[in-house]
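Take this structure first; my questions come after.
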There are 2 protein chains.
Amino acid sequence: MSGIESRLAALRWRYTPVMARRNYPKGAAKREEILDVALETVAENGYNAATIRTIADAAGLSKTGVGHHFASKHELLTAVLARRDESGVEATHDAGVDLIFEVIREVLARNAKDTGLTELYIRLAAEATDPQNVAHQFFVDRYERLETFGIAELAELQRAGGVPRDMDLRVLSVLISSVVDGLQLRLLYDSTLDPEPIVDALRELLATAAKAAPHS
Amino acid sequence: MSGIESRLAALRWRYTPVMARRNYPKGAAKREEILDVALETVAENGYNAATIRTIADAAGLSKTGVGHHFASKHELLTAVLARRDESGVEATHDAGVDLIFEVIREVLARNAKDTGLTELYIRLAAEATDPQNVAHQFFVDRYERLETFGIAELAELQRAGGVPRDMDLRVLSVLISSVVDGLQLRLLYDSTLDPEPIVDALRELLATAAKAAPHS
DNA sequence: GTCTATACAAAGATAGAC
DNA sequence: GTCTATCTTTGTATAGAC
């Protein structure tokens, strides 16, 4: 509805796992409960603790009971990530032309605290690198959406003079999302690291360069 | 010896795993052979294929035979990575003030081809995120070395006018290594992606911004 | 449709014989 | 220094109860 909402639309999507079924209220409820438990387990005890056994126990059913709702462990964890993505970009309401940097700031600030979820993201992304992995397509789609969002937002910022005119926005978009990914990995190795100055440095670099050659 | 060599020195180090033993010629030879086989396995069939069983078979001994030389799978794979690091930055002989970007270009170009090794790096880095992991300290040390190298080289580049004067070099160093990490993950999802324009964009951004405010 | 019990396979780690 | 054998923990697949 608001302008911000339509601009954020590219970041939102529905992940529909193979076993997602409709019109089964009881099953759907249990499904959500399993996702809740999985999220909590990952958040509190990390990726290694998120075994099917542990999650099944905490959700009050057997291992195969979980298997009824999710075809595999990776599919379950992908659903957890997808849900997190959906709820991740709400609070950004007062952004202007640099919405993209506001979103990044928010995501990184949150992830610097929730190391368990950051670990889930990094490890799942690393494992789903294999095209055979069930989560592979999820990340491919995700990168595509991020790029669509990035290019659109960077074009806006470019018009406002925050990005050099002759800059290839697709290249810049990949650059920025790589920084975000790399920083998240880095945060897991150094919890004292503050990601904000790093992203700010890039933003200022872009602004300075844009002012340097305004008509090129 | 040469100036380049001493500048690259910060990138070199010896990884000494727990079970590394000295003065056992036969053991050391077998150790090297296992590392060769492991590297080859990862390079050709990817991370998932690099099981202790597979490596042991290819090296002509049993699973526990491998265990005699390496305390765990992660220790073995860390040794493979460490060896790769050592041999990874040799050919850069005609670099000037932007040695750091030459090194990055070379590393990324190689890794874009050797996807198996890139997968090893990304997946091991993701798994060793857990401080309990035997490979954790390896990556902590590695990041520290990269930062030392990065700051030193960026200072040189800054003096030459390739980096803005008021820029925090530690921040910039983390920014750059995050780009490299993030790009490697990205390359595994999109083999058509050329990393060079992305790194070049950052380099040019720095140069343009440096010229914009030369005395600040 | 929802779930349990059982079984199976693969991987990594460990103990002790030679 | 290397092997055989065993153990444990994963995740997954099958059969069937309600």
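Just so we're on the same page: letters track the sequence lines, and every chain starts at 1. Because only heavy atoms are used, hydrogens play no part in the values below, and waters and symmetry mates are left out as well, while side chains stay in.
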Can you see whether F70(B) has K30(B) sitting over its ring - NZ or CZ less than 6.0 Å from the centre and within 45° of the normal?
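Verdict for F70(B): no cation-pi partner in K30(B).
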Please state whether the phosphate of dC3(C), meaning OP1 or OP2, lies under 4.0 angstrom from any side-chain nitrogen or oxygen of H68(A).
no
Sequence-aligned protein contact record of nucleotides 5-18 of chain C, with B where the base is within under 4.0 Å of a protein heavy atom and S where only the sugar-phosphate is
B-----SBBBB---
Between P of dT10(D) and CG of L76(A), the distance in whole Å:
16 Å
On a heavy-atom basis, the closest approach of R7(A) and G96(A) is NH2-O, 2.8 Å
How are the rings of Y189(A) and H136(B) set to each other: parallel, tilted or perpendicular (split at 30° and 60°)?
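Y189(A) vs H136(B) ring planes: parallel.
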Phosphate contact (dC3(C) OP1 or OP2) by H69(A) side-chain N/O below 4.0 Å:
yes
When you measure from the side chain of S62(A) to the backbone N and O of G65(A), does any donor-acceptor pair fall under 3.5 Å?
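Such a contact is found between S62(A) side chain and G65(A) backbone.
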Whole angstrom is fine here: how far is it from CZ in F70(B) over to P in dG1(D)?
14 Å
Among V163(A), L157(A), L154(A), find the residue that satisfies the side chain to side chain contact (heavy atoms under 4.5 Å, CB included) test when tested with V97(A).
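Among the candidates, only L157(A) passes.
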Under a 3.5 Å distance rule, please check whether R12(B) uses its side chain to pair with a backbone N or O of E86(B) as donor and acceptor.
yes
Check the distance between dC3(D)'s P and D57(B)'s CG and give it to me in whole angstrom.
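Rounding to the nearest Å, CG of D57(B) and P of dC3(D) are 11 Å apart.
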